[in-house]
**Q** 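Quick one: this structure, given as structure tokens, is what I'll be asking you about.
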Amino acid sequence: MTTNVIDIAGWIVCSTYSTIPAFWLMVHPFIAYWRSQRSNPYKVLAPAWILMWVLAAVASAPWRLTLLYDAPYARLLAIPFWRATAYIYFGGQRHFSLNKIIGRHELEPERHDQHLVISGLHRRMRHPLYAGHLCTMLGWCFLTATVATFALTGFAIITGIFLVRTEDAELERRFGSEFREYKSVTPAILPRFW
């Protein structure tokens, strides 16, 4: 019974987290459109994102309790991923204000300071928050070992590849040569430790 509760918790978390790249793919390629809207773009974006959660959960529900493998010791692999998550989320806290996390800097540039952050965790990787999300999902994959969590994580990785490309293009338009130089020496997700 406890295992089922953990499996369902992992499925719910991964159903939500797996949609983060898809949500941002609604924003970054269409940033000019969202900025031009008179009404708050979150009136459309927030319900659309919630709908994505529901669709991800419904699509993966048949496999939420189906194990991909049964190796109890593999569950311990969740620990390093969640430690990395905690380090990224809390170590980068000063760079991840709520306004940045929900995209107000992108959607309302006239109301928020616009500068390229290249210090702290951003010195090691361009998209540390996405790395944190990925580590969270991978932790749940190893803890639950369900087909659903692995499938949802795979979906997040595929959409995440497109997201990083579109976000990098948008950052290059905003910051020009400063971003191009930063991008040339800083990896997107997997950090450099040297």
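For reference, positions follow the sequence shown, starting with 1.
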**Q** How long is the span from the CD1 atom in Ile20 to the OG1 atom in Thr136, to the nearest 0.5 Å?
**A**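 Ile20 CD1 to Thr136 OG1: 8.5 Å, rounded to 0.5 Å.
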
**Q** What's the separation between atom OH in Tyr182 and atom CG in Leu116, rounded to the nearest 0.5 Å?
**A**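 Separation between the atoms: 6.5 Å.
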
**Q** Check whether any side-chain heavy atom of Ile118 lies under 4.5 Å from a side-chain heavy atom of Thr186, and answer yes or no.
**A**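 Of all side-chain heavy-atom pairs linking Thr186 with Ile118, none is under 4.5 Å.
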
**Q** Measure across Tyr130 and Glu167 and return the closest heavy-atom pair with its distance rounded to 0.1 Å.
**A**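 Looks like OH-OE1, 2.5 Å.
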
**Q** Just by distance, with hydrogens left out, do Thr19 and Trp49 show a side-chain donor and acceptor under 3.5 Å apart?
**A**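 Yes.
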
**Q** Do Ile88 and Met125 touch side chain to side chain, with heavy atoms closer than 4.5 Å?
**A**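 Contact flag for Ile88/Met125 side chains = yes.
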
**Q** How many angstroms lie between CD1 in Ile50 and CG in Leu45, if you round to the nearest 0.5 Å?
**A**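 Ile50 CD1 to Leu45 CG: 11.0 Å, rounded to 0.5 Å.
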
**Q** Give the minimum heavy-atom separation between Ile8 and Leu65, together with the two atoms involved.
**A**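 That would be CG1-CD2, 3.9 Å.
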
**Q** Taking the side chain as every heavy atom from C-beta outward, state whether Ser15 and Trp53 have any pair of such atoms under 4.5 Å apart.
**A**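 Counting from C-beta outward, Ser15 and Trp53 never come under 4.5 Å.
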
**Q** Will you find, in the side chains of Trp11 and Ser60, an N or O donor that is under 3.5 Å from an N or O acceptor?
**A**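 Their side chains do contain a donor-acceptor pair, which is all the 3.5 Å distance test asks for.
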
**Q** Please find the pair of heavy atoms, one from Thr153 and one from Cys14, that lie closest to each other, and give the distance.
**A**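 Here Thr153 and Cys14 meet closest at OG1-SG, 4.3 Å.
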
**Q** Examine distances only and state if a side-chain atom of Arg64 and a backbone atom of Ala61 form a donor-acceptor pair shorter than 3.5 Å.
**A**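 Such a contact is found between Arg64 side chain and Ala61 backbone.
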
**Q** Can you check whether Ala156's main-chain N or O pairs, donor with acceptor, with Tyr17's side chain at less than 3.5 Å?
**A**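 Not a single qualifying donor-acceptor pair exists.
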
**Q** Restricting to non-hydrogen atoms, name the atom on Tyr42 and the atom on Asn40 that form the minimum distance, rounded to 0.1 Å.
**A**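 Looks like N-OD1, 2.9 Å.
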
**Q** Tell me if a side-chain donor or acceptor on Thr16 pairs with a main-chain N or O of Ile12 at a distance below 3.5 Å.
**A**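 Here the side-chain-to-backbone pair exists.
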
**Q** From Trp140 CH2 over to Ile6 CD1, what is the distance, rounded to the nearest 0.5 angstrom?
**A**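 Those atoms lie 7.0 Å apart.
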
**Q** Report yes if some heavy atom in the side chain of Asp168 is under 4.5 Å from a heavy atom in the side chain of His127; otherwise report no.
**A**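 Yes, side chains in contact.
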
**Q** Do Phe150 and Tyr69 have side chains that approach each other closer than 4.5 Å (heavy atoms only, starting at C-beta)?
**A**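 The answer is yes; the side chains approach within 4.5 Å.
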
**Q** Take atom CD in Glu181; do more than 12 heavy atoms of anything else shown fall under 6.0 Å from it?
**A**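 No, CD of Glu181 has 12 or fewer neighbouring heavy atoms, counting only those of other groups under 6.0 Å.
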
**Q** Flag the pair Leu121 / Tyr87 as yes when at least one side-chain heavy-atom distance between them is below 4.5 Å, and no otherwise.
**A**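 Answer yes - side chains close enough.
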
**Q** Would the distance check show the side chain of Thr166 and the main-chain N or O of Leu163 forming a donor-acceptor pair, the cut-off being under 3.5 Å?
**A**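 Yes: the side chain of Thr166 pairs with the backbone of Leu163.
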
**Q** Are Leu67 and Thr146 packed together at the side-chain level, in the sense that at least one heavy-atom pair is separated by less than 4.5 angstrom?
**A**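 Side-chain contact under 4.5 Å: yes.
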
**Q** Determine whether Arg174 and Glu170 make a side-chain contact, defined as any pair of heavy atoms from C-beta on separated by less than 4.5 Å.
**A**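 Touching, per the 4.5 Å side-chain cut-off.
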
